[in-house]
Colleague: 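The structure that follows is given in the form of structure tokens.
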Amino acid sequence: MVQEVERYPKATRVLHWVHTGAFVALFVTGLILFVPPLGALAADSWSRIIHRVAAVLFIVAPLIYFPLNWKASVGGIKDAFTWGKDDIGWLKAAPRYYFLSDEAAMPPQDHMNTGQKMWWFMVLVFGVVFAISGLIMWFAKTTAPPELLQWMVLLHDVAFITTGCMLFVHIYLSVAHPMMRPLRTGAWNSMYRGKVSVDYARSHHGKWYEKIARGAEKS
Amino acid sequence: MAEKAILYDPTRCTACRGCQAGCKQWNENDEFIPTVENGVDATNWGSYENPPDLAPNTWLKMEFREVEAGGRVRWLFTRRACMHCTDAGCVKVCPSGALYHHELGFVAYDKDICTGCGYCVDACPFNVPRTDRNLLTGVAKMDKCTLCTTPGLDRIAEGWLPACVKTCPPKALMYGNRDELLAEGKARVAALQAKGWVNANLYGENELDGLHVMYVLDDQPAVYGLPVAPQVSPTVVAWQDVIQPLGWALGGLTLIGLGLNYIVAREAKMAKELPPQKEEK
Ligand code: HEM
Ligand code: SF4
């Protein structure tokens, strides 16, 4: 048996996949309005109804998760806003690492590497932007000034374009990057089963592994 | 094909509202008498105007204004309906192509593919499109004047006059080639000016690159409740002409970048791994 360490508890994984489902549904039904040749697919509002159902899931799921997992949530949110020297190291090494498969270039990473942290940061910030602009377009459609509603579509679109592009990157790195072989090694397992091999933890998240290894010795 | 247009001349209009009724009848937009029994509080609000506003089933409406000028009160009439802009905000934002430019220049509408997003409602400089909207589900359908080109009710394709023009007893409404009506309108404006209406002007010649409903006005547009120098809002331009193309470019570049990464990274990975693997064998 390969020795494994826990990376994501069950609640986190459930939130991840519920949110993924909602996000993809929102992405696809939003894309229909964004792409003129697809627009006719939205006839009779049906895709916009799905957008609203998914939006409720998108907003409610984290609102249930946060209070139930308060400490982890607060810690996670703090992490998203804590940037330092190590992140510069990652940024410098990333091109060589991801393109040239140069693993030696990469300094040891914490629980989240800098790339993951950028994505997590965007999910937080743009999640709020999506929710606020979306709720205004939804419920204030008949009362808000036209100019405000147009600004909200604009904001919604900026969030859509940024997170949409990053979503492609996120999915690619989690299932297809040739060096990571994510389906065989850690990335996929970490979110699917919640566990990764000690090997993976050591090579991809060295700093984090140090911490938990030390923690394990102490206890 | 030559562009067509409507010319409206309030100086000839008697405000009989025949156009309003003709529009409703032809387009099957039934009206009911607003009484308390019908669920409408028919209180007098101090005007002969009725109904109070454009609505999904009211595509054309005559507005009445009492304006004080030079010590006397003038009773002015304005035709309110889609102006059929060339630079049309509604067409620009419509995500499904339900709103589009007819080959004769006006803004036609295919209601079947309307998504109900309501973007046109906010983008119209004349505040014309109307929707019935369920605020909870978001389900909606837009309605507005189609210049009698509604599929199934297309008078223009038959070579007939629009219903409103056909109805108008004093010929305050005319329909025809846009350039001819432009000349006619200018002649009328000149005649008004000769009579001492110094502010007379033709509204719609250049507004939004040319409206397909033009007005012979004996005073400033604002006096008739028409916006001076109407414009598609800069936010709409930024959203449609900057953000959306940028979205395409960034989305495309990301996918291309990932594809390149796949090729390069696989090469690099194989170059590193293959030799030792061979030695092991
Ligand atoms: C957080 C909750 C969200 C709410 C309440 C929401 C609500 C809305 C609303 C009301 C509209 C306007 C069209 C309509 O009335 O149907 C809209 C459009 C749109 N939404 Fe969302 N949305 C949310 C999240 C998202 C997410 C996560 C995405 C994509 C990843 C997204 C993508 C889009 C796109 C692309 C459009 C069309 C914008 C355009 O026409 O340019 N939305 N959304
Ligand atoms: S008046 Fe409004 S609805 Fe009519 S064409 Fe212009 S923007 Fe569109």
Side-chain angles (χ1 to χ4, degrees), chain A residues 31-49 51-53 96-103 137-158 160-162 164-169 171-173 176-181, chain B residues 89 93-98 110-119 121-125 127 131 133-141 233-236 238-240 242-244 246-255 257-273:
Chain A
L31 192 71
I32 291 177
L33 288 186
F34 192 80
V35 186
L38 296 179
L41 289 174
D44 297 330
S45 311
W46 70 268
S47 65
R48 295 178 43 251
I49 300 176
H51 202 82
R52 280 155 174 75
V53 174
R96 287 192 64 75
Y97 183 77
Y98 288 95
F99 276 92
L100 302 178
S101 192
D102 183 357
E103 296 183 53
M137 286 191 282
W138 182 352
F139 292 108
K141 179 72 186 170
T142 51
T143 41
E147 193 67 16
L148 176 73
L149 292 167
Q150 284 165 356
W151 272 105
M152 291 306 117
V153 190
L154 207 81
L155 273 183
H156 215 72
D157 276 356
V158 170
F160 170 65
I161 293 164
T162 324
C165 290
M166 282 301 283
L167 178 71
F168 296 152
V169 177
I171 294 176
Y172 172 75
L173 288 175
H177 191 277
M179 181 178 94
M180 251 60 94
R181 296 235 188 81
Chain B
V93 295
C94 181
S96 68
D110 181 355
K111 190 170 178 175
D112 283 347
I113 57 174
C114 172
T115 66
C117 66
Y119 294 163
V121 174
D122 300 318
C124 174
N127 182 20
T131 55
R133 170 172 290 263
N134 181 323
L135 254 196
L136 186 61
T137 63
V139 175
K141 275 277 181 194
S233 100
T235 323
V236 165
W239 158 26
Q240 293 292 323
V242 181
I243 296 291
Q244 292 217 335
L246 197 70
W248 285 115
L250 288 179
L253 284 176
T254 306
L255 290 178
L258 293 179
L260 282 179
N261 176 270
Y262 187 79
I263 296 166
V264 174
R266 205 177 52 166
E267 281 297 308
K269 171 99 181 155
M270 286 199 306
K272 279 208 170 137
E273 269 179 8

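Reminder, nothing fancy here: chain letters follow the sequence lines and each chain counts from 1.
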Colleague: Count the heavy-atom pairs under 4.5 Å between each of B/Asp110, B/Val121, B/Leu136 and chain A, then report the option with the highest count.
Modeller: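 The option with the most such pairs is B/Leu136.
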
Colleague: Tell me which of these, A/Phe139, A/Phe160, A/Phe99, A/Phe168, has more heavy-atom pairs under 4.5 Å with chain B than the rest.
Modeller: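 Among A/Phe139, A/Phe160, A/Phe99, A/Phe168, the one with the most close pairs to chain B is A/Phe99.
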
Colleague: Who are the side-chain hydrogen bond (donor to acceptor under 3.5 Å, both in side chains) partners of A/Arg48, not counting sequence neighbours?
Modeller: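 Here the qualifying residues are A/Ser45.
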
Colleague: Which of the residues B/Thr235, B/Leu135, B/Val139, B/Asn261 is involved in the greatest number of heavy-atom pairs with chain A at under 4.5 angstrom?
Modeller: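 Top count of heavy-atom pairs under 4.5 Å with chain A: B/Asn261.
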
Colleague: Is B/Cys114 in contact with chain A via its backbone, its side chain, both, or neither, using a 4.5 Å heavy-atom distance?
Modeller: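 For B/Cys114, the backbone is the part near chain A, not the side chain.
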
Colleague: Report which part of A/Val35 has an atom under 4.5 Å of a heavy atom belonging to chain B: side chain, backbone, both, or neither.
Modeller: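 Contact with chain B involves both backbone and side-chain atoms of A/Val35.
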
Colleague: Where does A/Val169 contact chain B at under 4.5 Å (heavy atoms): side chain, backbone, both or neither?
Modeller: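 Both the backbone and the side chain of A/Val169 come within 4.5 Å of chain B.
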
Colleague: Keeping B/Trp239 on the side-chain end and B/Pro234 on the backbone end, is there a donor-acceptor pair under 3.5 Å?
Modeller: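 No, B/Trp239 side chain to B/Pro234 backbone: no donor-acceptor pair under 3.5 Å.
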
Colleague: Heavy-atom distance under 4.5 Å to chain B: side chain of A/Ile49, backbone, both or neither?
Modeller: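 Contact with chain B: backbone and side chain both.
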
Colleague: Please verify the inter-ring angle class for B/Trp248 with A/Phe34; under 30° counts as parallel, over 60° as perpendicular, anything in between as tilted.
Modeller: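 B/Trp248 and A/Phe34: tilted rings.
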
Colleague: What part of B/Ala140 lies closer than 4.5 angstrom to a heavy atom of chain A: side chain, backbone, both or neither?
Modeller: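 It is the backbone, since no side chain atom gets that close.
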
Colleague: Just give me the residue among A/Val53, A/Val153, A/Leu100, A/Thr142 that pairs up with chain B most often, heavy atom to heavy atom, under 4.5 Å.
Modeller: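 Option with the greatest count: A/Val153.
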
Colleague: Considering all heavy atoms of both residues, which atom of A/Ala40 and which atom of B/Ile113 are nearest to each other, and what is their separation?
Modeller: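 The pair with the smallest heavy-atom distance is CB-CG2, 4.3 Å.
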
Colleague: Ignoring hydrogens and angles, tell me if any N or O in the side chain of B/Lys141 forms a donor-acceptor pair with the backbone of B/Asp112 under 3.5 Å.
Modeller: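 It does hold such a pair.
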
Colleague: Look only at the side chain of A/Tyr98 and the backbone of A/His177, and say whether a donor-acceptor pair between them is shorter than 3.5 Å.
Modeller: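 Not at all, since once roles are kept as given, no pair shorter than 3.5 Å links the two residues.
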
Colleague: Measuring from atom OG1 of A/Thr162 to atom CG of A/Asp157, what distance do you get when rounded to the nearest 0.5 angstrom?
Modeller: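 Reported value, rounded in 0.5 Å steps: 10.0 Å.
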
Colleague: Could you tell me which portion of B/Thr254 (side chain, backbone, both or neither) has an atom closer than 4.5 angstrom to a non-hydrogen atom of chain A?
Modeller: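 The answer is the side chain of B/Thr254.
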
Colleague: When heavy-atom pairs shorter than 4.5 Å are enumerated against chain A, which of B/Arg266, B/Gln244, B/Glu267 gives the highest number?
Modeller: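 The answer is B/Gln244.
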
Colleague: Would the number of heavy atoms belonging to other residues, nucleotides or ligands and lying under 6.0 Å from CZ of A/Arg52 be above 12?
Modeller: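 Result for CZ/A/Arg52: enclosed.
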
Colleague: Please identify, among A/Leu33, A/Ile32, A/Leu41, A/Leu38, the residue contributing the most non-hydrogen atom pairs under 4.5 Å to chain B.
Modeller: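 Going by pairs under 4.5 Å, I would pick A/Leu33.
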
